[in-house]
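For reference, the structure is listed below as structure tokens.
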There are 2 protein chains.
Amino acid sequence: MSTSAPKRSPRGQGHLLRDEILEVTASLMSTVDNADDVSVRAIADAVGKTVPALYQHFGDKSELLTAAAEHALNTMGAEVDAQVASETDIDRRLRARARAFVEFATQHPVPYRHLFMSSPGAAGTTDTIDLMMESVGFSKMVSDLTEARQAGLMIDEDPERVALVLWTAVHGVASLFISHPDLDWPDDLLERVLDQHAFGLVPRS
Amino acid sequence: MSTSAPKRSPRGQGHLLRDEILEVTASLMSTVDNADDVSVRAIADAVGKTVPALYQHFGDKSELLTAAAEHALNTMGAEVDAQVASETDIDRRLRARARAFVEFATQHPVPYRHLFMSSPGAAGTTDTIDLMMESVGFSKMVSDLTEARQAGLMIDEDPERVALVLWTAVHGVASLFISHPDLDWPDDLLERVLDQHAFGLVPRS
DNA sequence: ACTGCTAAGTTAACGTCGATAACTTATCGC
DNA sequence: GCGATAAGTTATCGACGTTAACTTAGCAGT
């Protein structure tokens, strides 16, 4: 074999390993039920290094898992935006975003659960939740709602607060789908939840 | 010391240990962040027996934790009912139940998360979720809604389905409170969510 | 070209965990 | 009393997260 993997990174390039760790960890997450089930030994094996090498980049396992989960969900924003881009109508766009959100969450349950459904200590500090929300399109939802209010389509209220209420309900749907996927939830559960909130947001015509 | 703990249960009374294990485990759950953080060794120490003794009553740790979490939440039904009993108006009773539900869930986050927010495998089989729902007052909510429909207070729809939509949203609130208690959620987040659903349930006067 | 510094790793080990096979002993029907 | 067996214990296993101590490769300065 002419292609031999370099045994060590060049002097200033140790940080390259960090990105590889994140990517490998994120991909290992899709093979287990809980983020914690990914062992640091499995990660080390997958990146071709030994365990202590990981601890030069992350203080402990929890920090590594949180960073990897955020890394995994950062692709979420782009995917959701892509699915939403074609919708011009604001109401339809809000619904499309909610649908794409739930779909992505159920397809990536492990990082989603680790960030949004695990114990307070495990999912990072208060600082990081803002980034989580961003990665998940929360701010885009707020601007949609702001636009809706300016167009007179929404009762006059703080869009951020309305968005939080709406996101809370959508998260409820995603959370149940993720934790109990084998239950036969009604196909239109999300749509029904959205209907309820649409009634509040947009006065019935 | 005259009071000496019996070293062994009588012949047919081995099953008494099971209840003690459940109670001890449930109480240990309130001292940790995740149900899994309760070690079988800690449980064995607390009940004054050795680890393998536990495995005569539960197939594995997950089974033990799920049973203990259900045991803990079974007290939930009674507490919620007590808080709801005084309300005679149906709309107020539904709201009171939702409030009591969220309050109880946030006060007992570990068993709640283990049953409703953990990975599919960890929280028991499809069979057990019905019991979970019961313990949490789901059926009571359905009868309230049925009563509401009979009184003409609700749009004519399957109460069970409406209850599921409502419960989903309420669960969303509880889920977020539990996972990120340090965020400054709006005080009226739950009320807002309930408002949205009340509009759907009860036609505006 | 040598040398010293230090980043980028490895080796080896510790304590804790869930789980189980093999063994002991107290209780109870006869 | 005496087996049978329920109710435990002892001892041990492999896997896990974490860390101290060590090694070695890359680079700057002379």
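Bear in mind the structure is a predicted one, so any value in this text is a computation, not a measurement.
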**Asked** CG of B:L64 versus P of C:dC17: gap in Å, rounded?
**Response** 15 Å
**Message:** Can you tell me which nucleotide in C:dG18, D:dC16, C:dT10 comes closest to the side chain of A:A53?
**Reply:** C:dT10
**Prompt:** Has B:T50 got a side-chain N or O lying under 4.0 Å from the OP1 or OP2 atom of D:dG8?
**Reply:** no
**Prompt:** How long is the line joining CG of A:D36 and C1' of C:dG18, in whole Å?
**Reply:** 15 Å
**Request:** Rounded off to whole Å, could you give me the CG-to-P distance for the B:L54 and C:dA19 pair?
**Result:** 11 Å
**Request:** Would you state whether a donor and an acceptor, one from the side chain of B:R8 and one from the base of C:dT27, lie under 3.5 Å apart?
**Result:** no
**Message:** Nearest whole Å is fine: how far is C:dT11 C1' from A:Q56 CD?
**Reply:** 14 Å
**Complete:** Side-chain contact check for B:K49: nearest option of C:dG9, D:dC16, D:dG8 is D:dG8
**Asked** A:L65 CG to D:dT18 P: how many Å, rounded?
**Response** 9 Å
**Fill in**
From CG of A:D45 across to C1' of D:dC16 the rounded distance in Å is 13 Å
**Message:** Without decimals, in angstroms, what is the distance between B:E20 CD and D:dG8 C1'?
**Reply:** 14 Å
Could you go through residues 184-191 of chain A and list every donor-acceptor pair under 3.5 Å that involves a side-chain atom there, pairing it with any protein atom two or more places apart or in another chain?
residue	atom	partner	partner atom	Å
A:W185	NE1	A:H180	O	2.9
A:D188	OD1	B:R161	NH1	3.4
A:E191	OE1	A:R95	NH1	3.1
A:E191	OE2	A:R99	NE	2.6

**Prompt:** Any idea which of D:dC16, D:dT9, D:dT19 is nearest the B:P52 side chain?
**Reply:** D:dT9
**Item:** Lys/Arg-Asp/Glu bridge criterion (N-O < 4.0 Å) met for B:R192, A:E157
**Value:** yes
**Item:** Interatomic distance where CZ belongs to A:R41 and P belongs to D:dA15 [whole Å]
**Value:** 9 Å
**Request:** Please confirm whether the backbone N or O of B:N34 pairs with a side-chain atom of B:R113, one donor and one acceptor, at under 3.5 Å?
**Result:** no
**Salt bridge A:E23-A:R18, side-chain N to carboxylate O under 4.0 Å** = no
